[in-house]
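A short worksheet on the structure shown next.
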Amino acid sequence: MNRLILALVVPVTAIIITAISLSETVTPEPALFAHSQCRAVNVTDTRYRSLRGIEDIALLPRGELLLSFYNRTLPTAPARGLATVAISELVQAENAVFARALAGTQITLGSVHPHGIALDRSGSRLAFVNRNPRTDTAIVVWGLLGPDGFEERGRWDAPEACRANDLAWRGAELVVSLDRETCGWSMSELMPGAATGSVVKVGFGREERLAEGLAWANGLALDGGTVLVAETRANRVVNLSDGSFIELPGGPDNMNPGPNDTQIIAVHPDLFDYWLYSMQYSGTAPSRILALQPDQGLIEILFDDPFGDVFSGATSAVFYNNTLVAGSAFGDGLLVCTR
């Protein structure tokens with residue numbers, strides 16, 4: 001009996017301690033976009049199935065968006081994969097828009113449950129993380145993106161790929177973040193101070209570790225030739241070339257290049273609130289979106305929603321032609337803000 005009680009008390013205690021360490025008091029911040037300039041837009045596939053869990057977004061040439069989505073609360077839901085939608089359609093939409101499935105992404109091993117995505121500067125090369133929620137495994141897939149869709153050219157399927165989160169192209173090289181060390185549930189990685197995330201370079205039959213000891217390695221971006229990594233549980237973006245970092249008002253998630261050499265970053269102002277939302281214990285979570293100038297460390301808040309009134313739990317965003325668009329790994333549709 002004592003062993004049973006201990007087996008129950010230890011993980012519960014770990015969760016409580018983690019909750020206390022991650023919980024923040026979220027106060028509204030002045031933002032470029034007012035709530036009156038923003039709205040949630042439903043996105044469906046051509047069979048009128050709503051897209052839930054648009055976790056990552058990438059900007060294609062000519063103002064189109066590439067969406068990575070699947071319903072994490074119902075992984076077997078048919079509406080999942082990669083799709084494209086024009087920003088102009090989102091701006092003009094009254095209630096909903098159609099997203100077009102990206103041809104060629106129905107990969108041969110299992111179904112597509114895409115996580116992080118990455119486009120090179122030309123928009124001609126695509127890489128994405130494909131996770132299997134049933135087996136807690138993942139592979140990294142890369143290839144060419146053209147008028148006829150995606151053509152696979154390689155994949156990384158090492159056992160540690162199970163924790164692959166996001167990606168970035170550095171020339172012809174592909175950099176991948178591994179958010180933590182172990183696959184599956186690990187009590188040790190719930191504890192405050194856990195820092196087992198890493199960043200690796202993959203492809204061409206080999207891999208190279210670029211960084212380790214990160215507190216949940218999440219989004220990746222390039223600043224010139226320098227790799228930036230979002231360290232979610234440390235509320236900062238780290239420069240891997242020299243180890244310097246920029247503190248942020250929240251735990252950073254995905255990053256996308258923005259105008260004037262900025263990085264557009266979705267951050268979670270309260271990680272505990274976000275965890276409750278992701279586990280369906282809460283119906284809303286705060287959203288905050290920043291524009292960061294890495295070379296100067298300057299931060300501008302583009303959108304702030306501390307109570308999830310307009311859009312909950314934003315995980316990725318792009319800023320294009322005075323329009324801000326964001327998705328949420330556990331929410332419906334897209335946030336669209338226009339000036």
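Residue numbers count from 1 along this sequence.
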* Can you see which heavy atom on Leu102 is nearest to which on Gly149, and at what distance? => CD1-CA, 4.2 Å
* To do: Tell me, with the steps shown, if His35 and Asp305 meet side chain to side chain contact (heavy atoms under 4.5 Å, CB included).
  => CA-CA 8 Å; His35 286 192; Asp305 190 357; 3.6 Å; yes
* Asked: Roughly how far apart are Leu82 CG and Ile117 CD1, rounded to 0.5 Å?
  -> 6.5 Å
* **Interatomic spacing from OG1 in Thr284 to CG in Asp309 - rounded to 0.5 Å** => 7.5 Å
* Asked: If you link I, L, V, M, F, W and Y whenever their side-chain heavy atoms are under 4.5 Å apart, who else ends up in the same group as Leu144?
  -> none
* Asked: Between Glu207 and Arg209, is there a salt bridge with N-O shorter than 4.0 Å?
  -> no
* Structure fact -> The side-chain contact (heavy atoms from CB on, under 4.5 Å) partners of Pro78 (sequence neighbours excluded) come to Arg49
* Structure fact -> For Leu240 and Ala211 the tightest heavy-atom approach is CD2-CB, 3.7 Å
* side chain to side chain donor-acceptor pair (under 3.5 Å) partners of Glu64, counting only residues at least two apart -> none
* To do: Sorted by first residue and then second, give each salt bridge (Lys or Arg N to Asp or Glu O under 4.0 Å) pair with at least one member in residues 322-339; sequence neighbours left out.
  => Arg52-Asp332
* To which residues is Tyr277 joined in a hydrophobic cluster, defined by side-chain heavy-atom contacts under 4.5 Å among Ile, Leu, Val, Met, Phe, Trp and Tyr, whether direct or through other members? -> Tyr274, Phe330
* Short question: side chain of Ser177, backbone of Asn218 - any donor-acceptor pair under 3.5 Å? -> yes
* **salt bridge (Lys or Arg N to Asp or Glu O under 4.0 Å) pairs, two or more places apart, involving residues 279-297** => Arg288-Asp304
* **salt bridge (Lys or Arg N to Asp or Glu O under 4.0 Å) partners of residues 174-187, not counting sequence neighbours, each pair once** => Arg131-Asp179, Arg163-Asp179, Arg180-Glu189
* To do: First locate atom CZ of Phe69, then atom CG of Asp56, and finally report the distance between them rounded to the nearest 0.5 Å.
  => 13.0 Å
* To do: For Ser122 and Asp120, test the side chains for any donor-to-acceptor distance below 3.5 angstrom and give the result as yes or no.
  => yes
* Minimum heavy-atom separation for Ser328 to Gly313, with atom names? -> OG-O, 3.0 Å
* Asked: Step by step, would you call Thr182 with Thr196 a side chain to side chain contact (heavy atoms under 4.5 Å, CB included)?
  -> CA-CA 8 Å; Thr182 60; Thr196 62; over 6 Å; no
* Begin with the C-alpha distance, continue with both residues' side-chain angles, and end with the deciding distance and a verdict on side chain to side chain contact (heavy atoms under 4.5 Å, CB included) for Leu65 and Leu59. => CA-CA 5 Å; Leu65 295 177; Leu59 183 62; 3.8 Å; yes
* Asked: Does the side chain of Ile139 come within less than 4.5 Å of Asn130's, by heavy atoms?
  -> yes
* Structure fact -> Val267 and Gly250 have their tightest heavy-atom pair at CB-C, 4.0 Å
* To do: Applying side chain to side chain donor-acceptor pair (under 3.5 Å), name anything that partners Arg100, two or more places apart in sequence or on another chain.
  => none
* Structure fact -> In terms of heavy-atom contacts, Trp142 and Leu174 come closest through CE3-CD2, 3.7 Å
* Do Glu55 and Asn254 have side-chain N/O donor and acceptor atoms under 3.5 Å apart? -> yes
* Asked: How far does CG of Asn256 sit from OG of Ser316, to the nearest 0.5 angstrom?
  -> 4.5 Å
* To do: Examine distances only and state if a side-chain atom of Thr315 and a backbone atom of Ala329 form a donor-acceptor pair shorter than 3.5 Å.
  => yes
* **Pair Ile289-Phe33, side chain to side chain contact (heavy atoms under 4.5 Å, CB included): steps then yes or no** => CA-CA 10 Å; Ile289 300 168; Phe33 288 97; over 6 Å; no
* **Whether Asp273 side chain and Ala285 backbone form a donor-acceptor pair below 3.5 Å** => no
* With rounding to the nearest 0.5 Å, note down the distance linking CD in Gln293 to CG in Asp261. => 7.5 Å
* Asked: Say you draw a straight line from CG of Leu222 to CG of Leu228; how long is it, rounded to the nearest 0.5 Å?
  -> 7.5 Å
* Closest approach of Leu334 and Gly327, non-hydrogen atoms and distance? -> CD2-CA, 3.8 Å
* Residue Glu247 excluded, over 12 heavy atoms near CD under 6.0 Å -> no
* If two hydrophobic side chains count as joined below 4.5 Å and joins carry through other members, does Val176 share a cluster with Leu210? -> no
* Please identify each residue that fulfils side-chain contact (heavy atoms from CB on, under 4.5 Å) with Ser36, with sequence neighbours left out. => Ala34
* Between the side chains of Thr262 and Asn260, does any donor sit under 3.5 Å from an acceptor? -> no
* To do: Please identify each residue that fulfils side chain to side chain donor-acceptor pair (under 3.5 Å) with Trp169, with sequence neighbours left out.
  => none
* Asked: For residues 274-284, which residue pairs qualify under salt bridge (Lys or Arg N to Asp or Glu O under 4.0 Å), counting only residues two or more places apart or in two chains?
  -> none
* To do: Answer yes if the ring centres of Phe311 and Phe303 are under 6.0 angstrom apart, and no otherwise.
  => no
Using distance only, find each side-chain donor-acceptor pair of residues 86-98 under 3.5 Å and give its atom names and separation, not counting sequence neighbours.
none

